[in-house]
Amino acid sequence: MKYLFTIFYVLLLFHGFAQARLTPQESFCKNLNKIFELGRQDNFDSYDGTMVKQSPFLPVPGYSIKLDLFPVTYADKDHRFVGKTNENLDSLSALKKMDEMKTSVDFCLDTLQWSKWSEAKGDDSTTIFFHELTEVKTVCRDLAVTVAVVGLAPKVYSVNLYVKRRR
């Protein structure tokens, strides 16, 4: 009986450990949903990229938001969350990367709330330093998500993610 209890306990621990580990895509979706909530609650005013608990022993509010696909994240002056891949790519690689990012983001979205992706020629008048080559966009009732190929220099491109609250 003691051995049966030990085996049952070990299996229970193993099952709990297997459930606790998230895949990279699940982690990405969890953090993207946290970003959506920040946009809905305070229009990214409180986002500074360092939202981490101060101590694991104190019950202070806060959490870490880390989008593995976009290592550089910030909220800009136009109350828009910006995630950058921080990669220098040629135009074809950038378009392929944009499709990969769109697929990763699309996996996290509820198709009943979000519209189909629409592709448009890039036109980002709010960012004067970068020129957008192309972008894909989806919207729900209160948020808009854009994945765009941005020109950094002649023949050098990167991919950015933008989340903005709709008015």
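Count residues from 1 along the sequence.
In this structure, T146 OG1 and M98 CE are separated by 11.0 Å, a value rounded to the nearest 0.5 Å. With rounding to the nearest 0.5 Å, the separation of CG in L69 from CG in L161 is 9.5 Å. E37 CD to D42 CG: the interatomic distance, rounded to the nearest 0.5 Å, is 11.0 Å. Going from atom CG of D78 over to atom NZ of K164 covers 5.5 Å, rounded to the nearest 0.5 Å. The CZ atom of R80 sits 8.5 Å away from the CG atom of N160 when rounded to the nearest 0.5 Å.
Pairing each heavy atom of A148 with each of E135, the nearest pair is CB-CB, 3.8 Å. For L152 against S158, the heavy-atom pair with the smallest separation is CD1-CB, 3.7 Å. In this structure, A144 and V139 approach most closely via the heavy-atom pair CB-CG1, 3.7 Å.
Pairs passing the salt bridge (Lys or Arg N to Asp or Glu O under 4.0 Å) check and including a residue from residues 136-162, sequence neighbours excluded, read R40-D142. Counting only residues at least two apart or in different chains, disulfide bond (SG atoms under 2.5 Å apart) contacts with residues 131-167 are absent.
Connection of L95 to F70 is established within a shared hydrophobic cluster, with ILVMFWY side chains joined at heavy-atom distances below 4.5 Å, either directly or through further cluster members. W114 and V163 end up in the same hydrophobic cluster when Ile, Leu, Val, Met, Phe, Trp and Tyr side chains are linked at under 4.5 Å. Both L38 and L143 belong to a common hydrophobic cluster when Ile, Leu, Val, Met, Phe, Trp and Tyr are linked at side-chain heavy-atom distances under 4.5 angstrom.
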Mind listing the side-chain donor-acceptor pairs of residues 99-111 below 3.5 Å, one per line with the distance, residues two or more places apart or on another chain?
unit_1 : atom_1 : unit_2 : atom_2 : d
T103   : OG1    : D99    : O      : 2.9
S104   : OG     : E100   : O      : 3.3
D106   : OD1    : W117   : NE1    : 3.2
D110   : OD1    : L112   : N      : 3.2

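For T138 (side chain) and V145 (main-chain N/O), no donor-acceptor pair under 3.5 Å exists by modelled atom type. Proximity of a side-chain donor or acceptor of T134 to a complementary backbone N or O of A120 within less than 3.5 Å is detected.
Every residue two or more places apart in sequence or in another chain was checked for a ring-ring contact (aromatic ring centres under 6.0 Å, His included) with Y157, and none qualifies. For S93, the side chain to side chain donor-acceptor pair (under 3.5 Å) partners two or more places apart in sequence, or in a different chain, are D90. Under the ring-ring contact (aromatic ring centres under 6.0 Å, His included) criterion, F28 pairs with no residue, sequence neighbours left out. By the side chain to side chain contact (heavy atoms under 4.5 Å, CB included) test, N43 is found to be paired with H79, R165, residues two or more places apart in sequence or in another chain being considered.
The side-chain heavy atoms of I35 and F44, taken from C-beta on, include a pair separated by under 4.5 Å.
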